[in-house]
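Heads up: the structure comes next, in structure tokens.
Basis for what follows: all heavy atoms, side chains included, without hydrogens, waters or symmetry-related copies.
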Amino acid sequence: MNIEPAIPTMKNPPEQFAGDVWVDLIAVPHGPEQRAVLAKVRFAPGARTAWHSHAHGQYLHVTDGTAYFGGRDGTIIEVKAGQTLYTAPGEEHWHAAAPDSFMEHLALLEGTDPATSTVWGEHVTDQELGR
């Protein structure tokens with residue numbers, strides 16, 4: 001057993017996020033036999049991801065605030081603190097904070113490097129957000 005070394009908070013890049021979004025990696029693989037990545041992601045009011053998908057799917061557990069998740073079919077799901085959303089492998093989606101409050105979620109995904117197991121697309125428009 002050991003206490004994991006702290007990884008500094010990172011601000012997510014504007015190519016993939018609109019508004020201010022920070023990520024804290026909580027758990028990353030120690031070797032090729034491990035594939036789970038767990039991160040805490042905090043969104044400023046109104047901040048959002050670009051369209052993206054994950055090769056192996058993703059679990060998102062909202063820990064604070066109200067989150068909105070949208071799919072290519074136009075569905076928008078409101079998720080409150082304490083609820084968990086699942087996106088299937090390859091399902092294109094976005095995540096956003098409510099316009100008037102911060103939102104935080106835990107993101108659990110499979111893939112030794114989220115940068116290579118996540119496919120990023122274009123930015124989400126206000127119309128796609130339903131605003």
I want to check something: taking the side chain as every heavy atom from C-beta on, are [X] and [Y] in contact at a cut-off of under 4.5 Å?
X	Y	value
Y59	T84	yes
E92	H52	no
V37	E110	no
M10	L25	yes
T49	W120	yes
I76	F69	no
R72	E128	yes
Q58	T87	yes

If you look at every heavy atom in [X] and [Y], which pair is closest and at what distance?
X	Y	answer
S101	A97	O-CB, 3.8 Å
A50	G121	CB-O, 3.7 Å
L60	A107	CD2-CB, 3.7 Å

Would Q34 and H30 count as having a side-chain donor-acceptor pair, cut-off 3.5 Å?
no
Verify whether one side chain among T118 and H54 offers a donor that lies under 3.5 Å from an acceptor in the other.
yes
V41 vs H105, side chain to side chain contact (heavy atoms under 4.5 Å, CB included): CA-CA, chis, key distance, verdict
CA-CA 5 Å; V41 187; H105 65 58; 3.7 Å; yes
Measure the spacing between [atom1] of [X] and [atom2] of [Y] and express it to the nearest 0.5 Å.
X	Y	atom1	atom2	value
L106	L38	CG	CG	5.5 Å
F43	T66	CZ	OG1	13.5 Å
L85	H61	CG	NE2	12.0 Å

When you look at L129 and R48, which way does the side chain to side chain contact (heavy atoms under 4.5 Å, CB included) test go after all the steps?
CA-CA 9 Å; L129 284 171; R48 60 189 182 242; 2.8 Å; yes
Side-chain (T9) to main-chain (D24) donor-acceptor, under 3.5 angstrom:
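Not at all, since once roles are kept as given, no pair shorter than 3.5 Å links the two residues.
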Linking I/L/V/M/F/W/Y whenever any side-chain heavy atoms sit under 4.5 Å apart, do L108 and Y86 land together?
yes
Linking I/L/V/M/F/W/Y whenever their side-chain heavy atoms sit closer than 4.5 Å, directly or via other members, would M103 and Y68 fall into one cluster?
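They do not share one cluster, since no chain of ILVMFWY contacts under 4.5 Å joins M103 to Y68.
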Taking it one step at a time, do S53 and E91 satisfy side chain to side chain donor-acceptor pair (under 3.5 Å)?
CA-CA 5 Å; S53 65; E91 181 178 4; over 6 Å; no
Is the number of heavy atoms from other residues, nucleotides or ligands under 6.0 Å of Q127 CD greater than 12?
no
Assess the pair H95 and H93: is the distance between their ring centroids shorter than 6.0 Å?
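Yes: the rings meet the under 6.0 Å criterion.
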NZ/NE/NH1/NH2 to OD/OE distance under 4.0 Å, D64 and K80:
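Answer for the salt bridge query: no.
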All N/O donor-acceptor pairs, side-chain side in residues 11-23, below 3.5 Å, sequence neighbours left out:
| residue | atom | partner | partner atom | Å |
| --- | --- | --- | --- | --- |
| K11 | NZ | D20 | OD1 | 2.6 |

Would you call the rings of W51 and W94 parallel, tilted or perpendicular, taking 30° and 60° as the class edges?
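W51 and W94: perpendicular rings.
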